[in-house]
Amino acid sequence: MTSSRTAFLLATIAGLGDRVPAPGTTVGSLPPALAWWVVSAMLADHSRSMLLIGVAVGIVIPVAVWSSGVEAGRRGGDDPRAVVIDEVAGQWLCLLIAAILAPATNAVDLGIIAALGFLLFRILDVVKPPPISTLERLPGGTGIVADDLAAGAIAGLAAGIVGRWLF
């Protein structure tokens with residue numbers, strides 16, 4: 001498999017970003033939020049869950065920067081709609097931060113964190129207030145991913161604060 005094909009498969013989550021009628025950003029955000037919720041609910045040990053998502057975030061960020069940069073270059077755009085791996089990275093970072101700040105112990109509380117994180121991340125990713133908007137101007141895959149990481153970090157802080165208040 002060529003590196004261009006690999007980048008396409010990773011950046012678009014196996015072509016999903018090209019195939020669905022919903023906005024690519026929602027397609028890229030909802031599956032990782034649901035996966036986080038299911039995995040976290042299945043793992044009774046909060047620290048194991050945080051370690052797993054931390055490792056996932058650590059892996060997906062450099063993969064997202066590389067693959068989205070290659071795919072954007074192939075498509076000739078700054079941030080093609082079909083590239084959704086940046087949303088995966090931002091959503092998982094959001095949920096990692098939120099769960100660290102508001103450790104949930106049951107599936108319902110985890111679902112609340114997942115829903116809050118998803119909604120807040122989506123709002124910030126769409127609205128892109130400064131400084132988030134300035135980060136997308138960075139070159140290549142770095143700019144494609146950096147704004148989503150910033151939106152994820154801010155959304156994670158907000159969701160964690162709300163979750164801490166609720167639990």
Side-chain angles (χ1 to χ4, degrees), residues 7 9-68 71 79 81-128 132 135-136 141-142 144-167:
L9 291 171
L10 291 168
T12 64
I13 312 300
L16 188 63
D18 279 323
R19 291 192 184 110
V20 295
T25 56
T26 301
V27 170
S29 302
L30 188 57
L34 292 173
W36 175 87
W37 176 54
V38 169
V39 169
S40 296
M42 288 174 53
L43 293 174
D45 183 358
H46 179 73
S47 60
R48 285 181 59 202
S49 175
M50 294 303 94
L51 177 61
L52 181 63
I53 193 69
V55 168
V57 168
I59 291 170
V60 79
I61 290 172
V63 169
V65 169
W66 172 76
S67 64
S68 61
E71 187 61 14
D79 189 354
R81 180 181 173 144
V83 172
V84 294
I85 194 169
D86 51 329
E87 274 79 23
V88 173
Q91 185 67 74
W92 277 350
L93 179 61
C94 167
L95 295 171
L96 175 63
I97 292 169
I100 289 170
L101 294 175
T105 56
N106 61 60
V108 172
D109 290 351
L110 288 164
I112 291 169
I113 290 292
L116 277 171
F118 173 77
L119 290 173
L120 292 170
F121 174 69
R122 292 300 312 120
I123 290 167
L124 289 171
D125 191 33
V126 170
V127 174
K128 294 190 191 304
I132 296 169
L135 292 173
E136 69 182 346
T142 302
I144 294 170
V145 177
D147 66 311
D148 293 278
L149 293 176
I154 295 167
L157 287 169
I161 290 167
V162 171
R164 175 73 86 163
W165 177 74
L166 290 174
F167 310 143

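- Taking the side chain as every heavy atom from C-beta outward, Leu120 and Val162 never approach each other to under 4.5 Å.
- For the pair Pro103 and Phe167, the tightest heavy-atom approach, listed with the atom from each and the gap, is O-CD1, 4.5 Å.
- Contact record, Val57 with Leu93: CG2-N, 3.8 Å, taken as the closest heavy-atom pair.
- Taking CZ of Arg164 as the start and CD1 of Ile100 as the end, the distance is 11.5 Å to the nearest 0.5 Å.
- When side chains are defined from C-beta on, Ser68 does not count as touching Asp86, because their heavy atoms never get closer than 4.5 Å.
- The minimum heavy-atom distance between Leu101 and Gly156, with the atom names listed, is CD1-O, 4.2 Å.
- Taken from CD1 in Ile113 to OG in Ser40, the straight-line distance is 10.0 Å, to the nearest 0.5 Å.
- Once rounded to the nearest 0.5 Å, the distance linking CG of Leu166 with CD1 of Ile112 reads 6.0 Å.
- Note that the CZ atom of Arg81 and the OG1 atom of Thr12 stand 14.0 Å from one another [nearest 0.5 Å].
- Enclosure of atom CH2 in Trp37 is not indicated, since only 12 or fewer non-hydrogen atoms of other residues, nucleotides or ligands lie within 6.0 angstrom.
- In this structure, CG in Asp125 is found 10.0 Å from CZ in Phe118, a value given to the nearest 0.5 Å.
- Of all heavy-atom pairs between Ile85 and Ser67, the closest is CG2-OG, 3.8 Å.
- Separating the CG atom in Leu116 from the CD1 atom in Ile161 is a distance of 11.5 Å, to the nearest 0.5 Å.
- Ile144 and Asp147 make their closest contact through O-OD1, 2.8 Å (heavy atoms, listed as atom of the first residue, atom of the second, distance).
- When all heavy atoms of Ser29 and Phe121 are compared, the pair lying nearest together is OG-CE2, 3.3 Å.
- Here the options are Leu96, Ile53, Leu52, the test is side chain to side chain contact (heavy atoms under 4.5 Å, CB included), and the partner is Trp36; only Ile53 passes.
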